[in-house]
Trainee: 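Okay, here's the structure, questions in a sec.
Quick note: numbers below take in every heavy atom, side chains included, and nothing from hydrogens, waters or symmetry partners. Note that ligands are numbered from 1 as they come in the structure, with each ligand's atoms numbered from 1 the same way.
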Amino acid sequence: MLKAKLGEYELDGVFTNGSGANDDSLDKLLQIADSRAGFITTKTTTFLPRPGNPGPRFYILGNNAINAMGLPNPGYKEMARIVSELKTRTKKPVFVSMSGFNLEESGELAKTLSPAADVLEVNLSCPNLMGKSQIIYNPEQTEAVLKEIKKNTNKKIAVKAAPFLDPGMQNEFCEIAKKVGVDFIVAINTVGNCMYIDADREKIMLKPKWGGLGGEALKMIGWGNVRRYYEFFKGSVPIIGCGGIVSGKDAFAYALAGANAFASATTLYKEGVGCFGRMEDELEAELKKHNYASLADAVGKAKEF
Ligand code: SIN
């Protein structure tokens with residue numbers, strides 16, 4: 001078993017589920033708890049229960065996936081109940097993912113979810129909410145939401161970040177995260193505004209038309225974004241690398257970029273919770289092959305030309 005230090009947490013196992021993958025009920029969260037995942041992340045919860053967008057809304061395509069789920073979830077009160085129960089059944093840290101649709105909701109969610117949560121993961125990056133922009137791309141909104149959440153919690157906060165395709169925008173987010181006191185960054189969420197067209201059927205395959213692309217295609221965006229966080233925060237903010245991790249070698253590359261632990265969604269969908277143990281074993285073999293005594297020793301060690 002590979003160990004990692006993630007902020008104050010000593011993890012037995014270095015993977016978690018990327019929020020949204022088989023994690024919206026107690027049963028599914030318990031399956032993750034009973035696997036070799038070192039920590040657990042919930043489906044993003046909102047103020048009201050949501051059925052999500054109409055389907056079809058999810059496809060696995062090889063090692064990639066496209067989804068337009070739209071945050072289906074049982075609502076924050078039920079999620080608070082689920083997480084309290086989960087915490088009686090596992091010692092693993094639980095990141096509770098949340099998304100308020102205004103400041104009042106964000107504050108209320110933070111207050112109610114905090115007692116059971118180890119960490120509040122603030123999802124500022126869902127690309128599938130019809131008529132709503134991804135908050136993280138708006139610096140003023142991002143700062144206001146994070147300040148409101150900090151006012152209403154005594155727990156650590158993580159931000160689930162969208163992919164930044166522009167370094168200046170990523171830097172602006174980093175300045176806000178530093179000012180507000182973000183404790184963890186989970187990078188990256190899916191790439192939004194994507195579309196799956198079946199040319200044979202001449203058809204847009206998602207009912208909501210656009211969705212977020214996840215899986216292997218994201219790896220290089222993920223590595224690039226993680227490296228920028230690592231260089232900005234100089235290791236002071238732990239990073240959970242997410243986006244296209246299919247193997248332990250992918251996770252090793254994330255570690256070299258600067259990630260301290262890893263999340264996987266598409267691979268979890270494809271393979272089930274056994275993926276955590278397989279990828280961890282592969283990662284351990286990579287660390288040995290490259291003469292690193294621990295995962296921590298490899299973090300940020302990607303050499304430059
Ligand atoms: C969704 O429910 O739309 C996917 C989760 C996310 O992108 O944050």
Trainee: Quick one: does ligand 1 sit under 4.0 Å from the side chain of L129, the backbone, both or neither, non-hydrogen atoms only?
Mentor: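 Neither; nothing of L129 gets under 4.0 Å from ligand 1.
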Trainee: Would you say G70 has any N or O atom under 3.5 Å from an N or O of ligand 1, going by distance alone?
Mentor: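 There is such a contact, yes.
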Trainee: Could you establish whether G212 and ligand 1 come within less than 4.0 Å of each other, counting only heavy atoms on the residue side?
Mentor: no
Trainee: Non-hydrogen atoms of G20 versus ligand 1: any pair closer than 4.0 Å?
Mentor: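 No; G20 lies far enough from ligand 1 that no heavy-atom distance drops under 4.0 Å.
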Trainee: Going by distance alone, is a donor N or O of one side chain under 3.5 Å from an acceptor N or O of the other, for N152 and S114?
Mentor: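 Judged by distance alone, the side chains do not pair up.
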Trainee: Under a 4.5 Å side-chain heavy-atom rule over Ile, Leu, Val, Met, Phe, Trp and Tyr, are F58 and L206 clustered together?
Mentor: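 No, F58 does not connect to L206 through the hydrophobic network.
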Trainee: Which ligand 1 atoms are under 4.0 Å away from a heavy-atom of P127?
Mentor: 7 (O)
Trainee: Answer with side chain, backbone, both or neither: which part of K43 has a heavy atom less than 4.0 angstrom from an atom of ligand 1?
Mentor: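 Only the side chain of K43 comes within reach of ligand 1.
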Trainee: Could you go through the ring-ring contact (aromatic ring centres under 6.0 Å, His included) check for F39 and Y9 one step at a time?
Mentor: CA-CA 9 Å; F39 57 120; Y9 298 106; 8.4 Å; no
Trainee: Would you mind checking which non-hydrogen protein atom is closest to atom 4 (C) of ligand 1, with the distance to 0.1 Å?
Mentor: N67 OD1, 3.5 Å
Trainee: At under 4.0 Å between heavy atoms, is it the side chain or the backbone of N189 that contacts ligand 1, or both, or neither?
Mentor: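 For N189, the contact with ligand 1 is made by the side chain alone.
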Trainee: Hey, do the aromatic rings of F47 and F101 have their centres closer than 6.0 Å?
Mentor: no
Trainee: Taking N or O atoms only and a 3.5 Å limit, does A68 qualify as a polar contact for ligand 1?
Mentor: no
Trainee: Taking the six-membered ring where the residue is Trp, are the ring centres of F173 and Y137 under 6.0 Å apart?
Mentor: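 When the ring centroids of F173 and Y137 are compared, they turn out to be at least 6.0 Å apart.
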Trainee: I need the nearest protein heavy-atom contact for atom 8 (O) of ligand 1: residue, atom name and distance, please.
Mentor: N123 ND2, 2.8 Å
Trainee: Verify, without hydrogens or angle tests, whether R50 (side chain) and G70 (backbone) share a donor-acceptor contact under 3.5 angstrom.
Mentor: yes
Trainee: Side chain, backbone, both or neither: which applies to N128 and ligand 1 if a contact is any heavy-atom pair less than 4.0 Å apart?
Mentor: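 Near ligand 1, N128 shows its side chain, while the N, CA, C and O stay back.
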Trainee: Quickly, which of V191, L61, T266 forms a side chain to side chain contact (heavy atoms under 4.5 Å, CB included) with I66? Name it, please.
Mentor: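 By the side chain to side chain contact (heavy atoms under 4.5 Å, CB included) criterion, I66 pairs with just one of V191, L61, T266: L61.
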Trainee: Run the numbers for me: atoms of ligand 1, each under 4.0 Å from some heavy atom of M69, listed by number.
Mentor: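 In order of numbering, the contacting atoms are 1 (C), 2 (O), 3 (O).
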Trainee: Here's a test for you: under side chain to side chain donor-acceptor pair (under 3.5 Å), which of T41, D23, T44 qualifies with S97?
Mentor: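 So the option named by the test is T44.
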